Amino acid sequence: MNNARDWRGPQEKWVPDMSAIDTFRAIPAARPAGIFDRISTTVRYWADVRETRNQLNALSDRELADIGLNRGEIERVARGL
(Lines give C-alpha, C1' and ligand atoms only; values in the text may rest on other atoms or scores of the structure.)
Protein backbone atom coordinates (compact mmCIF):
# COMPACT_ATOMS: atom_id res chain seq x y z
CA MET A 1 0.00 0.00 0.00
CA ASN A 2 1.24 3.45 -0.82
CA ASN A 3 -1.06 5.81 1.04
CA ALA A 4 -1.12 7.66 4.36
CA ARG A 5 -3.10 4.88 6.10
CA ASP A 6 -0.50 2.16 5.72
CA TRP A 7 -0.81 -0.57 8.37
CA ARG A 8 2.37 -2.46 9.14
CA GLY A 9 3.56 -4.97 11.68
CA PRO A 10 2.03 -7.92 13.47
CA GLN A 11 0.13 -5.74 15.99
CA GLU A 12 -1.50 -3.73 13.17
CA LYS A 13 -0.06 -0.42 14.36
CA TRP A 14 -0.60 2.55 12.12
CA VAL A 15 2.64 3.96 10.70
CA PRO A 16 2.35 7.33 8.95
CA ASP A 17 3.81 7.79 5.52
CA MET A 18 7.27 9.41 5.75
CA SER A 19 6.37 12.25 3.38
CA ALA A 20 3.91 13.61 5.96
CA ILE A 21 6.74 13.96 8.47
CA ASP A 22 9.21 15.41 5.99
CA THR A 23 6.89 18.19 4.78
CA PHE A 24 5.47 19.27 8.15
CA ARG A 25 6.92 22.68 9.03
CA ALA A 26 4.50 24.32 11.47
CA ILE A 27 6.97 26.20 13.68
CA PRO A 28 8.67 28.35 10.99
CA ALA A 29 5.32 29.12 9.36
CA ALA A 30 3.91 30.45 12.65
CA ARG A 31 6.44 33.28 12.92
CA PRO A 32 5.49 35.24 9.75
CA ALA A 33 1.80 34.98 10.61
CA GLY A 34 2.50 36.77 13.90
CA ILE A 35 4.29 39.57 12.09
CA PHE A 36 1.48 39.97 9.59
CA ASP A 37 -1.09 39.99 12.38
CA ARG A 38 0.78 42.79 14.15
CA ILE A 39 1.06 44.81 10.96
CA SER A 40 -2.62 44.27 10.19
CA THR A 41 -3.65 45.33 13.70
CA THR A 42 -1.49 48.45 13.51
CA VAL A 43 -2.92 49.46 10.13
CA ARG A 44 -6.50 48.93 11.36
CA TYR A 45 -5.78 51.01 14.49
CA TRP A 46 -4.27 53.79 12.37
CA ALA A 47 -7.31 53.76 10.05
CA ASP A 48 -9.72 53.91 13.02
CA VAL A 49 -7.84 56.85 14.56
CA ARG A 50 -7.80 58.65 11.21
CA GLU A 51 -11.54 58.11 10.65
CA THR A 52 -12.42 59.26 14.19
CA ARG A 53 -10.21 62.34 13.83
CA ASN A 54 -11.81 63.22 10.47
CA GLN A 55 -15.34 62.76 11.81
CA LEU A 56 -14.69 64.91 14.88
CA ASN A 57 -12.97 67.62 12.83
CA ALA A 58 -16.04 67.78 10.60
CA LEU A 59 -18.21 68.81 13.58
CA SER A 60 -18.76 72.45 14.43
CA ASP A 61 -17.52 73.94 17.71
CA ARG A 62 -21.11 73.91 18.98
CA GLU A 63 -21.55 70.20 18.17
CA LEU A 64 -18.25 69.39 19.87
CA ALA A 65 -19.35 71.35 22.96
CA ASP A 66 -22.61 69.35 22.98
CA ILE A 67 -20.63 66.12 23.39
CA GLY A 68 -18.26 67.70 25.91
CA LEU A 69 -15.20 68.20 23.70
CA ASN A 70 -13.20 71.04 22.27
CA ARG A 71 -10.87 71.05 19.24
CA GLY A 72 -7.80 70.53 21.41
CA GLU A 73 -9.11 67.19 22.67
CA ILE A 74 -9.83 65.62 19.27
CA GLU A 75 -6.45 63.90 18.92
CA ARG A 76 -6.59 62.46 22.44
CA VAL A 77 -10.11 61.14 21.93
CA ALA A 78 -9.26 59.72 18.48
CA ARG A 79 -6.33 57.77 19.93
CA GLY A 80 -8.44 56.52 22.82
CA LEU A 81 -6.24 58.02 25.53
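Predicted model, so just to flag it, every value in this text is computed and none were measured. The figures that follow rest on heavy atoms only: side chains count, while hydrogens, waters and symmetry mates do not.
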Between [X] (side chain) and [Y] (backbone), is there a donor-acceptor pair under 3.5 Å?
X   : Y   : answer
E63 : S60 : yes
E73 : N70 : yes
T42 : R38 : yes
Y45 : S40 : no

What about V77 and V49, same hydrophobic cluster or not, with Ile/Leu/Val/Met/Phe/Trp/Tyr joined at side-chain heavy-atom distances under 4.5 Å?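 No.
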Spacing of [atom1] belonging to [X] relative to [atom2] belonging to [Y], to within rounding of 0.5 Å:
X   : Y   : atom1 : atom2 : result
I39 : R44 : CD1   : CZ    : 12.0 Å
D48 : E51 : CG    : CD    : 8.5 Å
R76 : R53 : CZ    : CZ    : 14.0 Å

Minimum heavy-atom separation for L56 to I67, with atom names?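 Shortest heavy-atom separation between L56 and I67 comes out as CD2-CD1, 4.2 Å.
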Between D66 and R62, does at least one N-O distance fall below 4.0 Å, as a salt bridge requires? yes
Validation row: N57, R71 side chains within 4.5 angstrom (heavy atoms):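 Of all side-chain heavy-atom pairs linking R71 with N57, at least one is under 4.5 Å.
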